[in-house]
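In what follows, a structure is listed as structure tokens, so that the remarks can point back to it.
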Amino acid sequence: MSQIVKLVAQRLALGLLTLFIISLIIFLCVEMLPGNFSEAILGQAATPETVAAFNRELGLDLPPHERYFTWLFNMVQGDFGRSLASKRELSELLGYRLENTLFLASVAAVIAIPLAVTLGVLAALYRDSFYDRAVNVVTLSSISFPEFFVAYILILILAQNLGWFPAISNINDELGFWEKIYRTALPAFTLTLVCVAHMMRMTRAAIINLLASPYIEMARLKGLRPGRIILKHALPNALAPIINVVVLNMAYLVVGVVLVEVVFVYPGLGQLFVDSVRSRDIPVVQACSLIFAMTYVLLNLLADVLSIMSNPRLLHPR
Amino acid sequence: MTMPVSTSTFGGQASPWVSRIAMASVHFFILVLFLQNVAADTWSAVIGLLFAHLYSVMALTYWNRIDRTAAGDTVIVTVTLEFVLIAVIFWERSSAWPWSTLFGLGLVQVCAFAAVRYWKDLRQAPKSAWFGLIVVLIYVMVAAMAPVIAPFSETEIVGSEYDAWNNEHLLGTDNLGRDMFTRLIYGGRNTVGVAFITTVLAFLIGGLGGLLAAAMRGWVDQVLSRMMEILMAIPSFIFALLILTIVGTSVPSLIMVIAVLDATRVFRLARAVAMNVVVLEFVEAASLRGEGLWWIIRSEILPNVLPPLVAEFGLRFCFVFLFLSGLSFLGLGIQPPTADWGSMVRDNATLITYGDITPLLPAAAIAILTIGVNFVVDWFLHKASGLKD
């Protein structure tokens, strides 16, 4: 058991280090802004006095290392500073947006994961059949599509022609839970289509990999039905790679949400991020990219830890 | 039009020179015959094209019965002939764009040579690979000859906004009244071109870095690997957006940013594959011989890691292409008025709410190219791995 604890602790330490370096990179990127940051923001109004006042307001007159640590400590305490454009306190805005994004990502995950695993198991069960090949072609092409293409096709068919779902998913806190889910449906479907392919193919590959092993042969010789062999014998042992790919796809979901949010005008973090990149609102961009990067790293870390934890050789050492 | 069959009578036994001269004179004769009428009359050009096509198909069908060099020449010359005919149809346009025309012609020649050289492999290729190859070829041709094919100029406003499809504007007009078909063609040139340059750059940086890390090992490997690992820990889309906020969205900075981010993935693959080769005896023998680092990388390692890298090039191109069109779709990629498939979707997206599919065409163009490249890569990997089914 101690071996597992050691491995997990190692991964966690490494993850923390990565997070620290990422925050440093994000900070340094802004430092490297060509020319003077305040002059770029103030533009025409950049007299020496206004620049000095602006610098003082943002704390830009301090040396870089001091500013970095103040910035980092504020971030850790949940103080993200103010937006340059709206002068609003960022913490509330980011919190609300992040909640929406996580809501969208989890709706997509709730649809995608069972779907992908079921499709994968079925494809392994009926491998090389027409169904298997059809699913293969469909998933391969959905990987090749740009996200916005999938999104607009869904809008065209489900919102425009059939009128089942709203094409624009503007949600707010007043809406009830089901209403919120109804309005989030199309972006969630889009994300599902984009990430199901990878998960499904991994599930299929992981199960087929096991089908050649002797204990499956034994189960087959006992006369068990193929469905039972796959569900009871192969699936539990294929869980580690499947969990791994599922979590990695969650990481992808959180990042891939950016484009989809823009298409559906969904009030999430991605939308905010893109807007502030357009208006070059640096504090917001910094905060958003830190949050995205953090989520990504943490989910990757989770995938690592889970795959260590689900390794039977490490779980039950001799 | 029965020439290939009659050539088969002196087929395999004839000296290449005799058959070549015979073939060449036949080609010349046909060429003159058609070119006389073509300029005056489009229909005879079309018929000429059909015959030229039939001619090359026959040459390939009777491949085994006629002299191979002669058959190869036939293919090359007929394809050129076809192309000259097309060029003549577009004569006024093509004389305005001599370089594009020349480039397109050169490309057709190269393709014809490649087709003859690798005909054996091509014949065994599955249908999906053929589909992919043809798609890629069409895209490259359209990109190369964009000004010759496009009926209008890229940024010219030629009608009212959001015109429906009609005879003058095949796919209607866009949100500013520019011709959609023209923009689609130019968009291919811009998006595919930028994505291609970016991928090449990513391979130069990442591939060279990976091979260097594998060949030198020690601290060089350590430093490069750790750097790449950290870059890879940040989601690339987010990182690209962050950097583009700072350096601004111009085409050179787009190319640099995406190339560096993608170079990390290329680096990982190149290093992993090269590591397996570096430990082999012939590399050791070369270094004992006193060969320099550059020699070892170029002549010992590179030839042995090329197949996976070529396949990766195709996949990487797809990623870069999707990445770039995603950025353009957000309005942060290639900037207007330059035509670009991603931004074309965004600019005309309103039409979708009226049930018009025109804005989906650029997106579909992106999707078809990605699928095509994927098919070709699949086939290539299958061949390179030496699998036989």
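To find a chain, count down the sequence lines: A is the first, B the second, and so on, and within it residues start at 1. Because only heavy atoms are used, hydrogens play no part in the values below, and waters and symmetry mates are left out as well, while side chains stay in.
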Which pair of non-hydrogen atoms, one from B/Ile238 and one from A/Ser289, has the smallest distance, and what is that distance? CG2-CB, 3.5 Å

For A/Ala293 against B/Ile234, the heavy-atom pair lying closest together: CB-CG2, 4.3 Å

Other residues, nucleotides and ligands only: do more than 12 of their heavy atoms fall within 6.0 Å of CZ on B/Phe319? no

A/Ile22, A/Val258, A/Val263: which one forms the most heavy-atom pairs within less than 4.5 Å of chain B? A/Ile22

Roughly how far, to the nearest 0.5 Å, is CE of B/Met227 from CD1 of A/Ile21? 12.0 Å

What part of A/Phe148 gets within 4.5 angstrom of chain B, counting heavy atoms only: side chain, backbone, both, or neither? side chain

Taking only residues at least two apart or on different chains, which pairs with a member in residues 251-269 of chain B satisfy side-chain hydrogen bond (donor to acceptor under 3.5 Å, both in side chains)? B/Ser250-B/Ser253, B/Asp262-B/Arg316

Calculate, to the nearest 0.5 Å, the distance between atoms OG and CZ belonging to A/Ser144 and B/Phe375 respectively. 7.5 Å

Between B/Leu231, B/Leu244, B/Leu241, who has the most heavy-atom pairs with chain A when the cutoff is under 4.5 Å? B/Leu241

How close do A/Pro146 and B/Ile366 get, heavy atom to heavy atom, and via which atoms? CG-CG2, 3.7 Å

Using a cut-off of under 4.5 Å for heavy-atom pairs, which of A/Leu259, A/Val297, A/Val285 has the most such pairs with chain B? A/Leu259

Working for side chain to side chain contact (heavy atoms under 4.5 Å, CB included), residues A/Phe149 and B/Val345: CA-CA 9 Å; A/Phe149 187 41; B/Val345 177; over 6 Å; no

A/Val262 portion near chain B, given a 4.5 angstrom heavy-atom threshold: side chain

If you count the non-hydrogen atoms of other residues, nucleotides and ligands that lie under 6.0 Å from CZ in B/Phe196, is the total more than 12? no

How are the rings of B/Phe329 and A/Tyr152 set to each other: parallel, tilted or perpendicular (split at 30° and 60°)? perpendicular

Reported CG-to-CD1 distance for the pair B/Leu360 and A/Ile155, which is rounded to 0.5 angstrom: 9.5 Å

If I measure from the heavy atoms of chain A, does B/Phe321 come under 4.5 Å with its side chain, its backbone, both, or neither? neither

A/Ile26 versus chain B, heavy atoms under 4.5 Å apart: side chain, backbone, both or neither? both

Taking every heavy atom of B/Ile371 against every heavy atom of A/Phe145, the minimum-distance pair comes out as CD1-CE2, 3.7 Å

Give the minimum heavy-atom separation between B/Leu330 and A/Arg278, together with the two atoms involved. O-NH2, 2.6 Å

In terms of heavy-atom pairs under 4.5 Å with chain A, the winner among B/Gly342, B/Pro359, B/Gly326, B/Ser128 is B/Gly326

Tightest non-hydrogen contact, residues B/Ala233 and A/Tyr296, listed as O-CD2, 3.2 Å

